[in-house]
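All chains are named by letter (A, B, ...) in the order of the sequence lines, taking the proteins before the strands, and each is independently numbered beginning at 1.
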There are 2 protein chains.
Amino acid sequence: MTTMIPRRKSRIRQRNEDAILKAAEIVFAQRGFGAATTAEIAKRAGIPKANLHYYFNTKEDLYTQVLENILGTWLTAADDFNEDQDPKSALENYIRTKIELSRTRPEASKIFAKEIISGAPFLKDHLRGDINPWLEEKTRIFQSWIAQGKMAQVNVPHLFFLIWSMTQTYADFSTQISIVLDKEKLEKKDFDTACDMILSMVFALCNLN
Amino acid sequence: MTTMIPRRKSRIRQRNEDAILKAAEIVFAQRGFGAATTAEIAKRAGIPKANLHYYFNTKEDLYTQVLENILGTWLTAADDFNEDQDPKSALENYIRTKIELSRTRPEASKIFAKEIISGAPFLKDHLRGDINPWLEEKTRIFQSWIAQGKMAQVNVPHLFFLIWSMTQTYADFSTQISIVLDKEKLEKKDFDTACDMILSMVFALCNLN
DNA sequence: GTCTATACTGGGATAGAC
DNA sequence: GTCTATCCCAGTATAGAC
């Protein structure tokens, strides 16, 4: 077992893997797993196609790696609310964080969206293993806030479905939104407008004014 | 020009085309254009793979046809509100219709979602040509309601982005939602719950209570 | 008019070179 | 340890049979 020691990756390996992963995120976002080609990813990463298969044995390995990375940032970035806060600022922080993720990492959101729409062939286990427990814990927190009369009685899982959809649509459907708003790409101020509207709606629903 | 007369399609052709289109909708929804294979569509339609190419020359032709069909139902189903109505019932009708479409034709919604997330390579022209004018007209109507003090001042395009996202998420993300709610598939009552919440939020935002 | 055997292409993966 | 010539299969499309 000579490889048990977590040897430092060679500089060249590090550089190439990073380039591949970055390229893969863009290509997978646009094409989805099935339609993406290792050729396109390699080209975008600036390495020969066949070389990509040296660093990532299969296309599936590469895709899985990309999903894991995204899931990491995702769950850590939006996990900072707890029972001691008040519901209004907890929700506000969460929604602002989600909108900011959509603005700064739209590809990540798109990859997720396509994966789920396809029936989550790769993410189903993660949905059950990571996201479900996460939501159950949050639901518990909200239930206690409701019991304490700090907010209105709402269906908590559905509240999250709606928040997810509203915040992520500005990443996933940016093409359509850009066309309607007649601009090359969405600006910070569009996300701010959206965020304000979402907050109003959610606060009203939860009776937090 | 013997074919100028719009001859009735033969019965066998009609039957096969219908079967192919129906199968295509399911496969394109799950895979997207690029990853879908004509073989899988043919198999699902119950005809030999090569035969499909007799009825639809190219995969692109088939996909375009599917998109057109969807766009048809889409635009007609949700186009029945005008200046003379009051904003509350207009919005309620629209949202109920959208939710009903998500419930009864989830594949259609998924195909659209994937197409847009991919940058709308096939739909870009339709977005500019059909959907944009549609939204512009609706925006005009809402502006007049706002001017008459019948509802609060809201950003109309963004209001639609949010309504679209909330209503469509129950079709597009049904896999995730089913897992969270721990059921095989979504029931009518889940859509009803969602609809009520969406209506509450939208009415509150527009000050329609 | 309807169907299928077959050609051709592009893409994932590997054996072996450097 | 790094890279690439090459293989093989899957997938679209067609030429020609029925």
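- At the heavy-atom level, B:A39 lies under 4.0 Å from the strands shown only through sugar-phosphate atoms.
- Closest contact between the side chain of A:T58 and the listed nucleotides D:dA13, C:dA13, C:dT4 involves C:dA13.
- Regarding B:E17, its CD atom lies at a distance of 15 Å from the C1' atom of C:dC3, rounded to whole Å.
- Of the candidate nucleotides D:dT14, C:dG1, C:dA13, D:dT14 has the atom lying nearest to any side-chain atom of B:H53.
- The base of D:dG11 is not paired with the side chain of B:K59 by any donor and acceptor separated by under 3.5 Å.
- Minimum atom distance to the side chain of A:A50 is reached by D:dA5, of the listed D:dA5, C:dT4, C:dT2.
- Nearest nucleotide to the side chain of B:Y55, out of C:dG11, C:dC3, C:dG1: C:dC3.
- Between the C1' atom of D:dC18 and the OH atom of B:Y54 lies a distance of 13 Å, rounded to the nearest Å.
- Nucleic acid contact for A:I47: none, since no nucleic acid atom lies under 4.0 Å from a heavy atom of the residue.
- For B:T37 and D:dG11, the shortest distance from a side-chain N or O to OP1 or OP2 is not below 4.0 Å.
- The pair A:K110-A:E107 does not count as a salt bridge, with every side-chain nitrogen at least 4.0 angstrom from each carboxylate oxygen.
- When distances are taken from the side chain of A:S10 to each of D:dG11, C:dG1, D:dT2, the shortest belongs to D:dT2.
- Between the P atom of C:dA15 and the CG atom of A:N57 lies a distance of 11 Å, rounded to the nearest Å.
- Crowding of A:K183 atom NZ: a count of heavy atoms from other residues, nucleotides or ligands under 6.0 Å exceeding 12.
- One interatomic measurement links the two molecules: NZ of A:K49 to P of C:dA13, which rounds to 10 Å at whole-angstrom precision.
- The pair B:E17-B:R13 meets the salt-bridge criterion, with a side-chain N (NZ, NE, NH1 or NH2) lying under 4.0 Å from an Asp/Glu carboxylate O.
- Between the P atom of D:dT2 and the CD atom of A:Q14 lies a distance of 11 Å, rounded to the nearest Å.
- When rounded to the nearest whole Å, the span between CZ of B:F56 and C1' of D:dT14 equals 18 Å.
- Contacts of A:A36 with the nucleic acid, taken as non-hydrogen atoms under 4.0 Å apart, involve only primed sugar atoms and P, OP1 or OP2.
- Scanning all heavy atoms of the two residues, the minimum distance from B:A77 to B:T97 falls at O-CG2, 3.4 Å.
- The listed nucleotides are C:dT4, D:dC3, C:dG1; the one nearest the side chain of B:N51 is C:dT4.
- Judged by distance alone, with hydrogens and angles left aside, the side-chain atoms of A:K88 form no donor-acceptor pair with the main-chain N or O of A:M151 at under 3.5 Å.
- One finds no side-chain N or O of B:R13 lying less than 4.0 angstrom from the OP1 or OP2 phosphate oxygen of C:dG1.
- To the nearest angstrom, P of C:dG1 lies 14 Å from NZ of B:K9.
- Atom CG of B:L62 and atom P of D:dG11 are 16 Å apart (whole Å).
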